[in-house]
Amino acid sequence: MRRSQLFLPTLKETPSEAKIVSHRLMLRAGLVRQSSAGIYTWLPAGYRVLRKIEEIVREEQDRAGAQEVLMPTIQSAEVWQKSGRYDDYGKEMLRIEDRHGREMLFGPTAEEVITDIVANEINSYRDLPKNLYNIQWKFRDEVRPRFGVMRGREFLMKDNYSFDIDYESARHSYNKMFVAYLRTYARMGLTAIPMAADTGPIGGDLSHEFIVLAETGESAVFCDRALLEMPAPGHEVDYDSDLGGTVEIWSNHYAATDEKHDPDNCPIAGDQLVKARGIEVGHIFYFGTKYSEPLGAIVQGPDGQQITLEMGSYGIGVSRLVGAIIEASHDDAGIIWPESVAPWLVGLINLKVGDSDCDAASEKIYADLRAAGIEAIYDDRDERAGAKFADMDLVGIPWQITIGPRGIKDGKVEVKRRGEDEKSEIAIEVLGDWISERAAS
RNA sequence: CGGGAAGUAGCUCAGCCUGGUAGAGCACUACGUUCGGGACGUAGGGGCCGGAGGUUCGAAUCCUCUCUUCCCGACCA
């Protein structure tokens, strides 16, 4: 994409309403603009990041055997009345009346809708287990939206729901998601720790939160240092195998939030205990028959008996992750995107637009990048060098290629990794190889 | 939902106390000089001073109401 044509409104100054670093940088780097409290418009660069995160989440869900559906944003009150949550949910639920006076709502979550579908469509134990997910916009009318997209009222969430015949099977579904979550966060360059959690209003008796570590995180966490050093399960993980061992290893390590951590009774000693700050980016629950029972999600078992389904639900805050990644990865100059979620992998800076050598070399490299299928942003604007460097750093492009009159005389360009200071000179002839190495990853 | 702040140009803010024809920097347009880490000069464009009432000869400024946004706490992907 040519920078001159791109809608990427970067800001030198910080809008006064933004107090935390990810919010400031998202506004300054032209990723989002606030529409009203807790509601955002995603601009091209921000939307690209959001879609990349979404795609990683999707790939890992698919790999773990979940199947994607798309549920409506607007739900009928009926199913919520059946589950009893229509009254319980309170003012956080945005309630709407349609022209016929029917009670509707903007979905804050989808246990009711999906359970209703399953209750209608699945009637035999032979059709189980099932794990259905969707990545859809949710609305929760938070009293106090804040922190930009980290605590918006409207947010993109991956939520899924597992349906099993018995506890053993449900536990396996839970474990699959546990492992898939570890992989999902790792692919985004995040260190995520699972933490045993209260089940809260969703109910149930088995639950983990996934906390991403970031200095600016909203809550303090204490954990065993070993957790930070454990590699996430690899690509080769077999989801049909018994994952209980893996889950046990991870969940047996100490991790607790500020409130629950008791320094006097902490099993982890001295240096092995890490005090950090974190952001909750996922939450998984097993809650048995809490919804299947009121909504009639019942199948017939092998002996002809009626069996109420065992359920779990699993959520990842997709839009929140954009903010969380920035919180975890930035410096004074701007965002430092991990390659896997960067809006563009390469930023090409033509230092002297109008100089025929620089223009020709830049155009050539830009064409090569595009031919290699590498997402590149080409700064072809007639701006000063400083402005271009600052912009690339702010937006957080992982690789910067600088083409300037100084190097071009010797047939060289400069390559810089975002987040590292030194630039290396590379001969233009060799750049092709460098590019193909990039393209392979 | 309790407590606290702020709304003036696209952004950051001054002006308000002590009422008298709306300002600066950045951004934007044109021209010129510059040009390897957010240049400089000259000339421009852009405002119902959040909204509604009130006081006054006169309100960005004083009073009342209202809307919006942000911050701290309780709650949450």
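- Atom P of nucleotide B:G38 and atom CG of A:Leu351 are separated by 12 Å, given to the nearest angstrom.
- Here the P atom of nucleotide B:C76 and the CZ atom of A:Phe210 are 18 Å apart, to the nearest Å.
- B:U8 and B:C1: their P atoms are spaced 26 Å apart (whole Å).
- Note on A:Arg28: a base of the nucleic acid sits closer than 4.0 angstrom, heavy atoms only.
- Each side-chain hydrogen bond (donor to acceptor under 3.5 Å, both in side chains) pair with one or both residues in residues 273-282 of chain A, not counting sequence neighbours, appears once here: A:Glu280-A:His283.
- Sequence neighbours left out, the pairs with a member in residues 342-364 of chain A that pass salt bridge (Lys or Arg N to Asp or Glu O under 4.0 Å) are A:Arg2-A:Glu363, A:Lys364-A:Asp368.
- Using the Watson-Crick or G-U wobble rule with both distances under 3.5 Å, B:C35 pairs with nothing in any strand shown.
- With respect to the salt-bridge test (charged N to carboxylate O, under 4.0 angstrom), the residues A:Asp141 and A:Arg95 do not qualify.
- Separating the CG atom of A:Asn350 from the C1' atom of B:C35 is a distance of 13 Å, rounded to the nearest angstrom.
- Atom CD in A:Glu383 sits roughly 16 Å away from atom P in B:C35 (whole-Å rounding).
- Atom C1' of nucleotide B:A27 and atom CG of A:Leu8 are separated by 15 Å, given to the nearest angstrom.
- Residue A:Ile403 is classed as having no contact, given no heavy-atom separation below 4.0 Å to the nucleic acid.
- Under the rule for a side chain to side chain contact (heavy atoms under 4.5 Å, CB included), the partners of A:Val395 that lie at least two apart in sequence or sit in another chain are A:Leu8, A:Thr10, A:Ala29, A:Pro343, A:Ile397.
- Rounded to the nearest Å, the gap between the P atom of B:G15 and that of B:G54 is 29 Å.
- The base of B:C76 is paired with the side chain of A:Arg151 by a donor and an acceptor separated by under 3.5 Å.
- Environment of OH in A:Tyr47: sparse, with no more than 12 heavy atoms of neighbouring residues, nucleotides or ligands closer than 6.0 Å.
- Side chain of A:Ser319, nearest nucleotide from B:A77, B:G36, B:C76: B:A77.
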Review item, nucleotides 22-25 of chain B N/O atoms under 3.5 Å of protein N/O:
residue: B:G25; atom: N2; partner: A:Glu13; partner atom: OE1; Å: 3.0

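- Candidate nucleotides B:C75, B:U69, B:G37 were compared by shortest atom distance to the side chain of A:Gln34, and B:U69 ranks first.
- Using C1' as the reference atom, B:G46 and B:C26 are 14 Å apart when rounded to the nearest Å.
- Taking the C1' atoms as reference points, B:G50 lies 39 Å from B:G37, given to the whole Å.
- Not counting sequence neighbours, the partners of A:Arg144 by the side chain to side chain contact (heavy atoms under 4.5 Å, CB included) test are A:Arg146.
- As the counterpart of B:C70, B:G4 is assigned, both hydrogen-bonding distances of the Watson-Crick or G-U wobble pattern falling under 3.5 Å.
- Between A:Phe155 atom CZ and B:A77 atom P there is a gap of 8 Å when expressed in whole angstrom units.
- If you find the closest nucleotide of RNA chain B to A:Arg146 and to A:Ile408, the one lying nearer the 5' end belongs to A:Ile408.
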Protein proximity profile, nucleotides 39-44 of chain B - base contact B, sugar-phosphate-only contact S, no contact -, cut-off 4.0 Å on heavy atoms
B-----
Test log, rule salt bridge (Lys or Arg N to Asp or Glu O under 4.0 Å), inputs A:Arg58 and A:Glu55:
CA-CA 5 Å; A:Arg58 178 175 286 122; A:Glu55 191 52 31; 2.9 Å; yes
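- Across all strands shown, B:G23 forms a Watson-Crick or G-U wobble pair, both distances under 3.5 Å, with B:C13.
- Between the CD1 atom of A:Ile20 and the P atom of B:C70 there is a distance of 12 Å, rounded to whole Å.
- Annotation: ring-ring contact (aromatic ring centres under 6.0 Å, His included) contacts of A:Tyr161 (sequence neighbours excluded): none.
- Base pairing analysis places B:A30 opposite B:U42; the two distances defining the Watson-Crick or G-U wobble pair are each below 3.5 Å.
- Rounded to the nearest Å, the gap between the C1' atom of B:A5 and that of B:A9 is 23 Å.
- In terms of position on RNA chain B, the residue among A:Ser16 and A:Phe389 whose nearest nucleotide sits closer to the 5' end is A:Ser16.
- Residues satisfying the ring-ring contact (aromatic ring centres under 6.0 Å, His included) criterion with A:Phe147, sequence neighbours excluded, are absent altogether.
- Using P as the reference atom, B:G3 and B:A14 are 27 Å apart when rounded to the nearest Å.
- If you check every strand for non-hydrogen atoms under 4.0 Å, A:Asp159 touches nothing.
- Counting heavy atoms from C-beta on, the side chains of A:Arg85 and A:Met93 never come closer than 4.5 Å.
- With sequence neighbours excluded, the residues forming a side chain to side chain contact (heavy atoms under 4.5 Å, CB included) with A:Met1 are A:Gln5, A:Leu6, A:Trp344, listed by chain and number.
- Using the Watson-Crick or G-U wobble rule with both distances under 3.5 Å, B:C48 pairs with nothing in any strand shown.
- Screening residues 181-194 of chain A for side-chain hydrogen bond (donor to acceptor under 3.5 Å, both in side chains) gives A:Glu59-A:Arg187, A:Glu60-A:Arg183, A:Glu60-A:Arg187, A:Lys158-A:Tyr181 as the qualifying pairs, with residues at least two apart or on separate chains.
- The partner of B:U61, taking Watson-Crick or G-U wobble pairs whose two distances both stay under 3.5 Å, does not exist in any strand shown.
- Judged by distance alone, the side chains of A:Gln400 and A:Asp393 do bring a donor and an acceptor atom under 3.5 Å apart.
- Comparing the P positions of B:C17 and B:A22 gives an interatomic distance of 16 Å, to the nearest angstrom.
- Residue A:Gly152 is classed as a base contact, given a heavy-atom separation below 4.0 Å to a base.
- A:Ile39 places its CD1 atom 11 Å from the P atom of B:C70, with the value rounded to the nearest Å.
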When every nucleotide of nucleotides 1-9 of chain B is labelled 5' to 3' by its protein contacts under 4.0 Å (heavy atoms), B for base, S for sugar-phosphate only, - for none, what sequence of letters results?
B--------
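- Nucleotide B:U18 forms no Watson-Crick or G-U wobble pair with any nucleotide shown, as no partner meets the under 3.5 Å limit on both distances.
- Applying the side chain to side chain contact (heavy atoms under 4.5 Å, CB included) criterion to A:Leu11, with sequence neighbours excluded, gives A:Pro15, A:Arg28, A:Arg33.
- In this structure, A:Gly404 reaches the bases: a heavy-atom distance under 4.0 Å links it to at least one base atom across the strands shown.
- Side-chain contact annotation: A:Asp164 with A:Ser173, donor-acceptor N/O pair under 3.5 Å present.
- The separation of B:U18 from B:U61, taken at their C1' atoms, amounts to 10 Å, rounded to a whole angstrom.
- When heavy atoms are screened at a 4.0 angstrom cut-off, A:Pro405 is found touching base atoms of the nucleic acid.
- When both distances must be under 3.5 Å, the Watson-Crick or G-U wobble mate of B:U55 does not exist.
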